[in-house]
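Everything below concerns the one structure shown next.
Numbers restart at 1 for each chain; the letters A, B, ... are given by sequence-line order, proteins then strands. In what follows, every heavy atom counts, from backbone to side chain, and hydrogens, waters and symmetry copies are set aside.
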Amino acid sequence: MEVVNSTFVPDPSLSTAEMEDLQREIAATAVFEDDHDFDPDAVTLDGPAEQATLGELGAAGDGEDAPADRPLVAGVDQAFVGDRAVSAVVVLRGREVVERVYAVEPAEIPYVPGLLSFREGSAILSAFAELDSDPDVVFVDGSGRIHYREAGLATHVGVTLDVPTVGVAKNLLCGTPRESLDRKLPTGARVPIEADAEVETAAAGTLIGHAVQTRQYESSKQHVNPLIVSPGHRVSAETAADLVSATAGGYKLPEPTRLADKYADDVKAEI
DNA sequence: GCGACAG
DNA sequence: ATCTTGTCGC
């Protein structure tokens, strides 16, 4: 995959004010509603490839369903080695790993809440440049619309590559949950997250994402925290949550993200 | 000055 | 994100 909107490529040498201005432009360009070709309901973990192998791009009936038209869902995640970022991308069709690539780029600036894409963006775009597949949607680790200027990492990547993206974060950056997230939520539950004064580009009360419970302990005092899911680009808040729920394979993280996370760690170990 | 903040 | 053993609870 290649960059479509080169003016949005994150430049780490920009000043903070310039980075924020770029984010406002990105937010103005982003589409926070469904505007894609694939059918969200067709995204599941069903089908062949129980043992998730590589290189079998749905050759002549390699199982039962073999619907080679199932949507391709990619997950991208980063790991760090000193001041270098390893970005890994894993593409799935159902449970089958269709392709995976990675790239290593220097992390030019430190982590600053709100400016994450300027630290990890280069590595992510380099990894996608190595990707032959054309994923229907990409899960990005971090926020999308749930961001001070509605331009989190998922939105930045989505608009730059002009690909549908979903932000999958483990923690809430900003915004207000419609109900407390402190209590134990059952698997499948979702809590709307609205824009508040911290989100300067949206009216307070605007739906910007959801807390999604992909996994929970049944009988125990222990509880798993929900994921924070938001639209990146060309996906609505509801669809974003649906896609994450549909690809939860028994773990907290949806499979595309979990496998990308694992792959990034494996690559890191070989460095 | 204090709070609050993805990865 | 990363540094890190054992340990308690699914």
Apply side chain to side chain contact (heavy atoms under 4.5 Å, CB included) to residues Val166(A) and Val137(A) and explain how you reach the verdict. CA-CA 8 Å; Val166(A) 172; Val137(A) 59; 4.1 Å; yes

Under 4.0 Å between any heavy atoms, over every strand shown, what does [X] touch: base, sugar-phosphate, or nothing? Just pick one.
X	result
Leu227(A)	nothing
Leu172(A)	sugar-phosphate
Phe80(A)	sugar-phosphate
Ala79(A)	sugar-phosphate
Gly114(A)	base

Can a salt bridge be assigned to the pair [X] and [Y] using a cut-off of 4.0 Å between side-chain N and carboxylate O?
X	Y	value
Glu255(A)	Arg258(A)	yes
Asp141(A)	Lys170(A)	no
Arg84(A)	Glu105(A)	no

How close or far is atom [atom2] of [N] from atom [atom1] of [X], stated in whole angstroms?
X	N	atom1	atom2	value
Glu218(A)	dC10(C)	CD	P	12 Å
Asp265(A)	dT2(C)	CG	C1'	11 Å
Asp83(A)	dA1(C)	CG	C1'	13 Å
Gln78(A)	dT2(C)	CD	P	10 Å
Glu120(A)	dA1(C)	CD	C1'	8 Å

Centre-to-centre under 6.0 Å for His233(A) and Phe32(A), is that the case here? no

Could you say whether Asp261(A) or Gln216(A) is positioned toward the 5' end of DNA chain C, judged by the nucleotide with the nearest heavy atom to each? Asp261(A)

Does Lys268(A) place a side-chain N or O at less than 4.0 Å from the phosphate oxygens OP1/OP2 of dA1(C)? no

With heavy atoms of chain A within less than 4.0 Å as the criterion, where does contact along DNA chain B begin and end? dC5(B) to dG7(B)

Checking Glu150(A) against Thr201(A): is there a side-chain donor and acceptor pair closer than 3.5 Å? yes

Evaluation steps, side chain to side chain donor-acceptor pair (under 3.5 Å), between Asp11(A) and Ser13(A): CA-CA 5 Å; Asp11(A) 178 357; Ser13(A) 69; 2.7 Å; yes

